[in-house]
Each structure stands twice: as structure tokens, then as C-alpha cells.
Protein chains: 2
Amino acid sequence: MRMSEGVEWALHTCLNLTWLPGDQAVPTAKLAAFYALPAAYLNKQMQALARAGIVSSTPGPRGGFRLARSPEQITVLDIVVAIEGPDEAFRCVQLLKQGPGADPAVDYRQACLISQAMHRADMAWRRELAAQTLAGLKADVEQQYPAAPGNTSSALRA
Amino acid sequence: MRMSEGVEWALHTCLNLTWLPGDQAVPTAKLAAFYALPAAYLNKQMQALARAGIVSSTPGPRGGFRLARSPEQITVLDIVVAIEGPDEAFRCVQLLKQGPGADPAVDYRQACLISQAMHRADMAWRRELAAQTLAGLKADVEQQYPAAPGNTSSALRA
DNA sequence: GTAATTATACTCGGATAATGAGTGTCCGAGTAATCGGGG
DNA sequence: CCCCGATTACTCGGACACTCATTATCCGAGTATAATTAC
């Protein structure tokens, strides 16, 4: 079980965008250059974020991406789901349907107690991710690394 | 991000083993037939469980697998880790090392606040899984599906 | 000088290959039960 | 009848192919800017 690397890229990139004026769009090329990432592939991730309504895209010169809503209204979970998709890590294939004494009418994704246990854990994971907003991360970084906002802002404007 | 199907197989199989006398070994062939699974591949998963010390294996006639310790001492997390490996889903590649103002001496898997957020979520997930033991699942199933233990036991003995 | 028009360069967006983990299969090493023979 | 030894059949264990999601890349559609021309 391994999470896509794109999640890390998206999280860092979105956080970087919080330090820019809201009306300024940044093209993929600059966002990628910031961490020496392959621009075309980061673009793919940004597309996913755009489809999820987390960022908005503008084509043409002076175009690029910007946050579609305020950092307070973007959770870490939002970004993870946008990249990884909405499905849980554990996908019950309903083994019990193949076992003895199975009822074909029952949806074992609901009834199976193992499924329920895995689902509970997944919910706990999501709850933790949903509790963190971009704004919260931004504030924490500003407190712990005061130089970061200035560095980021100037690098992305250049 | 998708969990290996082997986790589901391993969980169901271990749970089935709780309904057999502790001194009885069951060969992979029977464990696999119970859910119409490919025996050789289930065997691979059982090997992982054996390496993790969750089940013990016995070769030769009348051999097979049995639980290596009591169901009270086996958590769902133990089984998940045995199959999926100990690593977290989110693997920080330390993007910040490639960014401006990076300190080469810093381990950003520790320092990066995004890593920390993802790590907290992972810990919550693991905590939830560690709270469930095989004995607990066994008891819940016995209460909700009283016929299950008998069915399982007889099918695996046959 | 101003406004309309054309040309241009830059952006995203989706369609198309390459890679690696996960999936599935096979055969060999080792062991316990079984069968046969001898005491 | 009991004991010992060789045989046999059965088990796990790791080594070997295959599939598909993830990763990575490229080129085309569309747009705002900038230059050009006419008035």
C-alpha cells in the first residue's frame, strides 16, 4: 500500500500558493521549478486539483493556477482525495460470498465485520486529515519557519 | 492508494483458524478452497504471516498452518503489517530538500509539517487497527452469526 | 493619437508510452505418516 | 504380536512469468497579450 507521490507534490504546491496574492495565477512551470519536479507530470496533478474545485486554472499568457477558495476552506483530506480518488484503501471483494452459508442477497461490504473494522480505521484516518486545513498548516509553518513565506513568494513571482 | 487483496484473504483466513482446535494444522489447499481462492497465492500470504510470527507452519502430511499465539494476542494491525509491510502509505521524498532555503543536514521526514500531518493520520489509522484483536472479531461474529463457527470448523476439518 | 485587426507566444488539457509493484503460477526441499519385513 | 527401516505421499518455501496501476511525456486547442496597420 503506497500513496501516490503526487499527493506530496500537491500538498506542498497548494501550501506554496497560500503565500501568494489570491488574484495571481502561477503556471505549472514555476510551481515545478520550485522543487525541480517534472513540469508535465505536476501539471497532471494540478488538473486533478482543478477538477476537484480546489484550484482554478487560467489559460493563456499570465495564466496558471490559483487557489479556488480560501485556505481555511481547504483541508488536507480534500487534496488527498482529489489526487488519490475517493475510494478506501481496503476494497472488500466480498470473500464471504464465495464461502459456505453465503447469502447472495447480502452486501458483505456492509455486513462483514472485517470490512467494518477496516472501514472504521479508514474513517479515523480521514477524520485526522480533515481536521487539518491549509490555513492551519500555513500558520504553523509561519511560526516555525518565519523565512519560508518570503522565500516562496519571491521564488514563485520571479 | 490500494491495499493488497492479500490482506483481506489473510484476515478472513486467520479468523477462520480461531474456530479450530489450537493443535490442528490446516493446509493451504483447504484454507483456499473455503473461499475458492488460488491456493498457491494464498500460500504466499501465509508465508508472510509465518515470517511475522502470527501463524506457525508444519510441513509434511497432516501439516499446514495454525495460529502461533492466542487470538487475544493477535491484532488486526499485526496482520495488515505482516502482509503490507511496516512502511507508511505516505512516504515523504523530502521535496523541501530540493526547494530554496533547504538545509541539507535536516531530515525533512521529521521536520516537514506536511509529513507530520500525514504521519498523525497514519498513527490514528494504526491505533484503530491495533485496538481490534482476532478474539474480539471472533466474539462479534459468534454473536451476530451463530452458525458461522460450526460451518467454518466443519468445512476446514473435512 | 486612437482604435481595430492581425499575429504571436504562452497556458492548460487530454491522449499516448515506459516503468514497477502487485498478482499469479510453478517446481523443488523436507518431513511425517505409512507400508513392509524381520524378530 | 511388536519393533525397525525404507518408501511414499504430502506439506511448505522460494524462484519464475504476467497484469495493471502509477509514472512520465508529448502535442494540440484555446486565450490574452502585443505588435501592426489604418484612420
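Here is how names work: the chains are called A, B, and so on, in the same order as the sequence lines, proteins then strands, and each is numbered from 1. These numbers come from a predicted model, not from an experiment. Computed from heavy atoms alone, side chains included, the values below leave out hydrogens, waters and symmetry copies.
Atom P of nucleotide C:dT25 and atom CG of B:L37 are separated by 11 Å, given to the nearest angstrom. In this entry the distance linking CD of B:Q45 with P of C:dT25 reads 13 Å, nearest Å. Atom P of nucleotide C:dA21 and atom CE of A:M1 are separated by 16 Å, given to the nearest angstrom. D:dA21 atom P lies 12 Å from atom CD of B:E5, rounded to whole Å. What separates CZ of A:F65 from P of C:dC10 is a distance of 18 Å, to the nearest Å. As a whole-Å value, the separation of B:L42 CG from C:dC26 P is 16 Å. Protein atom NZ of B:K30 is 16 Å distant from nucleotide atom C1' of D:dC12, rounded to whole Å.
Under 4.0 angstrom from either OP1 or OP2 of C:dG14 there lies at least one side-chain N or O belonging to A:Q47. For B:T28, a side-chain nitrogen or oxygen approaches OP1 or OP2 of D:dC12 to under 4.0 Å. For D:dT11, neither phosphate oxygen OP1 nor OP2 lies less than 4.0 angstrom from any side-chain nitrogen or oxygen of B:S57. At least one side-chain nitrogen or oxygen of B:Y41 sits closer than 4.0 Å to the OP1 or OP2 atom of C:dT23.
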Set out, in order, the CA-CA distance, both residues' side-chain angles and the distance that settles salt bridge (Lys or Arg N to Asp or Glu O under 4.0 Å) for B:R69 and B:D78, then state yes or no.
CA-CA 12 Å; B:R69 51 184 194 264; B:D78 291 334; 3.3 Å; yes
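The side chain of B:P27 has D:dC12 as its nearest neighbour among C:dA15, D:dC12, C:dG24. Nearest nucleotide to the side chain of B:K44, out of D:dT23, C:dT23, D:dC12: C:dT23. Considering only the side chain of B:A50, D:dG13 comes nearest among D:dG13, C:dT25, D:dT23.
Just one of B:V76, B:I79, B:L137 meets the side-chain contact (heavy atoms from CB on, under 4.5 Å) condition when paired with B:C14; it is B:I79. Screening A:R91, A:K97, A:Q98 for a side chain to side chain donor-acceptor pair (under 3.5 Å) involving A:Q94 leaves a single residue, A:K97.
Taking both residues in full, the closest heavy atoms of B:A68 and B:G53 are given as CB-O, 3.4 Å, listed atom of the first, atom of the second, then distance. Annotation for B:R157 and B:P21: closest pair NH2-CG, 3.3 Å, computed over non-hydrogen atoms. Annotation for A:E84 and A:S4: closest pair OE2-N, 2.6 Å, computed over non-hydrogen atoms.
At the heavy-atom level, B:M3 lies nowhere under 4.0 Å from the strands shown.
Heavy-atom nearest nucleotides on DNA chain C were determined for B:E84 and for B:N43, and the one closer to the 5' end corresponds to B:E84.
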Take nucleotides 29-34 of chain C nucleotide by nucleotide from the 5' end and write B, S or -, depending on whether a protein heavy atom sits under 4.0 Å from the base, only from the sugar-phosphate, or from neither.
-BBBS-
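Ring centroids of B:H12 and B:Y35 are separated by less than 6.0 Å, placing the two rings close together.
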